[in-house]
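The structure appears below as structure tokens.
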Amino acid sequence: MSNIDPLTFPPGFLWGAATASYQIEGAAAEDGRTPSIWDTFSHTPGRTKGGDTGDEACDHYHRYREDVALMTDLGLGSYRFSIAWPRVQPGGRGSMNDKGLDFYQRLVDELLEQGITPWVTLYHWDLPQELEDAGGWPARDTAHRFAEYAALVHGALGDRVRHWTTLNEPWCSALLGYASGVHAPGRRHAPDALAAMHHLLLGHGEAVRAIRANDPQAQLGITLNLYAISPADPARDGDLEAARRIDGLANRIFLDPVLRGAYPQDVRADLAGISDFGFVHDGDLETIAAPLDLLGINYYSRHVVAAPDPGAPVEPYWRAPTSWPGSEDVRFLKRAGVPVTDMDWEVDAPGLTETLVRVARDYPAIPLYVTENGAAYVDVPGPDGQIDDVERAAYFDAHLRAALAALEQGAPLKGYFAWSLLDNFEWAWGYTKRFGLVAVDYTTQQRTMKTSGHRYREVIKRNGLAQ
Ligand code: IFM
């Protein structure tokens with residue numbers, strides 16, 4: 001990096017914040033929107049904390065102008081948001097719903113008027129319920145439906161939107177949605193989860209091809225949630241083996257097909273008792289590896305893993321569904337003295353450096369963006385109503401230093417998006433977890449910038465850290 005000041009980011013570094021449709025929009029039944037798997041899931045008793053749903057969420061659908069004004073106040077260069085598939089193509093097939101599409105037209109126009117680059121994520125988990133009823137992501141046809149939807153959205157917004165992310169965190173869609181079932185649609189069948197993973201990636205590849213064919217200048221990418229992975233004891237073979245397996249299932253099983261055109265052989269061997277990967281048809285991997293302009297990385301924490309406990313009985317996946325099929329016996333450890341966020345995720349900023357440098361080394365030549373990074377903490381408003389979220393501010397500060405360290409080591413990092421602009425619906429956790437730079441009072445819908453937001457504004461203004 002040709003930086004004189006080690007606390008300054010390269011010129012042109014893109015500063016953003018991210019959100020997702022179901023987490024903030026609300027207006028769940030307005031203007032022709034039909035249910036997604038998350039509407040069904042959150043309305044099913046016992047699936048989310050307190051029975052929370054995204055019916056109203058942050059009411060962003062009606063308050064988007066106010067929210068864009070907050071972005072302007074923060075000085076954001078870009079806003080990453082997702083399109084609700086059942087809002088623009090109810091049922092997931094056929095023609096577009098103009099009223100639903102209008103919302104995104106207005107949002108994009110408002111962003112552009114404020115000089116903020118719109119960055120669209122096409123799929124952040126809200127699959128139209130009808131497509132789930134027809135088989136969901138384990139069904140190959142869903143990939144084709146997604147590519148068709150992607151091309152339609154691009155056709156409507158592509159004259160003004162240059163940056164497109166196909167999928168957000170396919171690991172969560174596949175493994176949390178279809179293996180452990182803690183996310184929508186709440187199914188628990190590991191072989192289906194692997195088929196879902198493949199069809200998500202196939203849909204990604206088909207969408208990239210379709211958009212590229214219409215718009216060779218589009219900036220196209222996918223966002224993966226990558227983890228730093230460590231063996232509990234690097235001198236123990238069993239722990240090293242656990243780290244290999246979890247790295248395979250969390251990171252490489254997505255990175256390799258997308259960026260190298262093949263599933264990793266060792267991971268396929270680990271999963272051989274669950275699936276023969278018969279869902280991979282001739283030509284699929286070539287499609288999945290369609291050239292990209294960028295890779296989005298969502299980084300939150302590290303997994304520290306250890307060999308199975310020899311004394312503990314291992315429950316097979318069909319009796320005790322987990323998010324780690326084939327590796328359900330690997331132990332995930334918490335390190336003594338390492339602080340955790342309100343999600344109980346260890347705060348591990350060096351893991352961000354490690355992840356960026358590792359991707360740059362193992363999958364060279366693709367520009368990288370941190371498309372999400374942030375932390376949930378319990379926010380307690382002071383007597384003046386202000387929220388002095390020093391822990392969240394410190395989390396951002398530490399991770400931005402880690403991003404600088406990665407740049408210093410040569411990682412081609414081009415931008416950073418804080419998760420999240422607003423407190424929002426944290427999936428199965430409902431509204432109990434707060435990630436926002438801006439607090440949301442869900443009773444009044446009042447927005448209040450937190451200390452972390454004020455600090456982020458200073459970082460953006462300075463294109464770096466103060467000291
Ligand atoms: O809120 C989620 C987001 O939807 C996807 N990435 C992780 C965030 C925090 O859990």
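Whatever order the structure lists ligands and atoms in, that order sets their numbers, starting from 1.
We find that Arg335 and Asp348 are joined by a salt bridge, their nearest charged nitrogen and carboxylate oxygen being less than 4.0 Å apart.
With hydrogens and angles disregarded, no donor-acceptor distance shorter than 3.5 Å links the side chain of Arg87 to the backbone of Arg33. Proximity of a side-chain donor or acceptor of Thr72 to a complementary backbone N or O of Val68 within less than 3.5 Å is detected.
Legend: ring pair (Phe, Tyr, Trp, His ring centres under 6.0 Å) pairs involving residues 359-380, not counting sequence neighbours, sorted by first then second residue: Trp119-Tyr369.
For ligand 1, the protein residues within 4.0 angstrom (heavy atoms only) are Gln23, His124, Trp125, Asn168, Glu169, Tyr300, Trp345, Glu372, Trp419, Glu426, Trp427, Phe435.
Taking the six-membered ring for Trp, Phe435 and Trp429 have ring centres at least 6.0 Å apart. Note: Phe13 and Tyr416 fail the aromatic proximity criterion, with ring centroids not under 6.0 Å apart.
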